Amino acid sequence: TPGKLYTIEVFAVSGTGDNKTGSARESTTVRTRPLPPSNVTFPDVGINATTRLIVSWDASETECVDVYRLTIEDLKTKSALPVNRTNNASTTSEIISDLEPGRKYRIVVYAICSAVVRSESYGSEEREKRTQADQPTDLEEISATNTSVTVRWTPPDTGKFDGYKVSYGAPEIIQIDNTSVSETIISNLTPGQLYTVEVVAFSGDVDSAKDSQDVRTIPNPAGDINVPNDDDVTTRNITLTWEAATGGVRTGYEVIYTPDGGSALTTVIVPDGTTTASAPEALTPGKLYTIEVFAVSGTGDNKTGSARESTTVRT
């Protein structure tokens, strides 16, 4: 019976049947090993998952168990960490601290019946678990085109990791199996679209906490600017029309009027679907103006503009 204490006696005998006699007896007490703990799991650590593990288990079904012991081995260095021993059998979880980020450990949980002559009696259950790698930081966009963005990040400061995973809302994930690479190009994107890019470091099958950043591709440019007819040009105004941008996502267009030899006079903002604009304030008669039209997508810090189409027109 698991965990049962037995008295074992040994004596010599001589003869058989009615003529058999036995010597004095030597005896000892030995306990069978208890049933091991079961269902060893690793609940979510929350904060400090890079240096801590929580180990939980179901109690042994053997009555004699009065204490549990944990041993922890670093599978990379093959070194044992200090033993953690609980004080009583009612405690079925343990926090293991001061571990290395991204490192794999072997954890053995022993159920012990300690009130045994000469030695402890135990049953054990073991599992392997890896801590999270440290998080990459400072994710940023460093360049963008109509269909791609290039992002980079700062590698983790400490610990072991095998590479990075970069996601951007698509089913595909870019996996980089090289710890010295800290930037990547995300391709085949939609012009003018906003994407949330996330990067994690991975160690084995465990991902770090993520760093994220919103990035936007450049929208497709406006089409050709139409040559203004006589009705579109007056002494104080120039009305411009252009062909709509094709494909992708955009918020609208911006139109900039710049007088010859001067600085930009004004910017006109028109919504997507509108392909005409007039100067919002009076222009100078007989003055040559450079007029630029470009598509924009987004607002505020997330606004990007396309390449510019331009023409020169005199009032």
Side-chain angles (χ1 to χ4, degrees), residues 138-153 166-174 183-199 210-229 231-234 236-260 262-283 288-313 315:
D138 303 322
L139 177 64
E140 62 177 346
E141 174 189 321
I142 57 175
S143 66
T145 70
N146 297 59
T147 58
S148 69
V149 292
T150 301
V151 295
R152 68 182 174 194
W153 56 89
V166 180
S167 61
Y168 52 98
E172 299 83 10
I173 292 177
I174 300 171
E183 69 176 58
T184 191
I185 299 174
I186 306 172
S187 304
N188 300 318
L189 304 179
T190 300
Q193 181 68 55
L194 182 69
Y195 292 89
T196 297
V197 178
E198 298 176 343
V199 60
K210 65 186 178 184
D211 194 16
S212 65
Q213 179 67 45
D214 288 339
V215 301
R216 191 184 293 274
T217 50
I218 296 173
N220 284 335
D224 292 338
I225 296 175
N226 299 317
V227 176
N229 57 42
D231 294 335
D232 294 329
V233 182
T234 70
R236 296 289 187 177
N237 186 42
I238 300 171
T239 298
L240 202 67
T241 62
W242 59 89
E243 300 301 316
T246 58
V249 176
R250 70 199 140 269
T251 308
Y253 302 90
E254 292 189 10
V255 184
I256 300 176
Y257 289 74
T258 304
D260 187 32
S263 57
L265 175 66
T266 188
T267 300
V268 182
I269 300 174
V270 297
D272 189 33
T274 300
T275 55
T276 183
S278 297
E281 57 186 84
L283 305 180
L288 185 65
Y289 288 86
T290 297
I291 307 173
E292 298 174 295
V293 180
F294 57 96
V296 295
S297 181
T299 59
D301 293 339
N302 283 319
K303 184 174 75 173
T304 59
S306 71
R308 300 185 178 194
E309 297 290 327
S310 66
T311 189
T312 54
V313 182
T315 54

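Just so we're clear, the structure is a prediction, and the values are computed from it rather than from any experiment.
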Participant: If you take all heavy atoms of Leu240 and Trp242, which pair is closest and at what distance?
Facilitator: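 Distance-wise, the nearest heavy atoms are O-CZ3, 3.6 Å.
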Participant: How long is the gap from CZ on Arg250 to CG on Asp272, to the nearest 0.5 Å?
Facilitator: 4.5 Å
Participant: Verify the distance criterion only: is there a donor paired with an acceptor across the side chains of Ser278 and Thr239 at less than 3.5 Å?
Facilitator: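 Yes, because at least one side-chain N or O of Ser278 sits under 3.5 Å from a partner of the opposite role on Thr239.
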Participant: Could you tell me whether the side chain of Val270 reaches within less than 4.5 Å of the side chain of Thr276, counting heavy atoms only?
Facilitator: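 Counting from C-beta outward, Thr276 and Val270 never come under 4.5 Å.
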Participant: Given side chains that start at C-beta, do those of Val199 and Val151 come closer than 4.5 Å, heavy atoms only?
Facilitator: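 No, every pair of side-chain atoms sits at 4.5 Å or beyond.
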Participant: Nearest 0.5 Å, what's the CD-CD1 distance between Glu172 and Ile186?
Facilitator: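 These two atoms lie 11.5 Å from each other.
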Participant: Rounded to the nearest 0.5 Å, what's the gap from CD1 on Ile269 to OG1 on Thr274? Could you check?
Facilitator: 12.5 Å
Participant: Please report the interatomic distance OG1(Thr275) to CD(Glu243), rounded to the nearest 0.5 Å.
Facilitator: 7.0 Å
Participant: How close do Arg216 and Ser297 get, counting heavy atoms only, and between which atoms?
Facilitator: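 Taking Arg216 first and Ser297 second, the nearest heavy atoms are NH1-OG, 3.0 Å.
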Participant: Side chain of Tyr257, backbone of Ile238: donor and acceptor closer than 3.5 Å?
Facilitator: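 Between the backbone of Ile238 and the side chain of Tyr257 there is a qualifying donor-acceptor contact (under 3.5 Å).
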Participant: Are any non-hydrogen side-chain atoms of Glu183 and Ile142 less than 4.5 angstrom apart?
Facilitator: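 A side-chain contact exists here, since the closest heavy-atom pair is under 4.5 Å.
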Participant: Do Tyr195 and Val149 make a side-chain contact, defined as non-hydrogen atoms from C-beta onward lying under 4.5 Å apart?
Facilitator: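 SC-SC contact between Tyr195 and Val149 ruled out.
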Participant: Quick check: do Arg308 and Ile256 have side-chain heavy atoms less than 4.5 Å from each other?
Facilitator: yes
Participant: Report yes if some heavy atom in the side chain of Tyr168 is under 4.5 Å from a heavy atom in the side chain of Val215; otherwise report no.
Facilitator: no
Participant: Please round to the nearest 0.5 Å and tell me the distance separating atom CG of Asn237 and atom OG1 of Thr315.
Facilitator: 9.5 Å
Participant: Enter the distance from Leu288:CG to Thr312:OG1 here, rounded to the nearest 0.5 Å.
Facilitator: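 Output value for this atom pair is 5.5 Å.
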Participant: Check whether more than 12 heavy atoms from other residues, nucleotides or ligands sit under 6.0 Å from atom CD1 of Ile185, and answer yes or no.
Facilitator: no
Participant: Taking atom CG as the centre, does Asn188 end up with more than 12 heavy-atom neighbours from other residues, nucleotides or ligands that are less than 6.0 angstrom away?
Facilitator: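 Count not over threshold, so no.
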Participant: Can you give each donor-acceptor pair under 3.5 Å made by side-chain atoms of residues 217-226, sequence neighbours left out, with the distance rounded to 0.1 Å?
Facilitator:
{"residue": "Thr217", "atom": "OG1", "partner": "Thr190", "partner atom": "O", "Å": "2.5"}
{"residue": "Thr217", "atom": "OG1", "partner": "Gly192", "partner atom": "N", "Å": "2.8"}
{"residue": "Thr217", "atom": "OG1", "partner": "Gln193", "partner atom": "N", "Å": "3.0"}
{"residue": "Asn220", "atom": "OD1", "partner": "Asn146", "partner atom": "ND2", "Å": "2.8"}
{"residue": "Asn220", "atom": "ND2", "partner": "Thr246", "partner atom": "O", "Å": "2.7"}
{"residue": "Asn226", "atom": "ND2", "partner": "Thr241", "partner atom": "OG1", "Å": "3.0"}

Participant: Side-chain contact test, heavy atoms from C-beta onward, threshold under 4.5 Å: evaluate it for Trp153 versus Thr184 and give yes or no.
Facilitator: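 In contact.
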Participant: Could you check Ser212 against Thr196 for side-chain hydrogen bond (donor to acceptor under 3.5 Å, both in side chains), going step by step and ending with a plain yes or no?
Facilitator: CA-CA 7 Å; Ser212 65; Thr196 297; over 6 Å; no
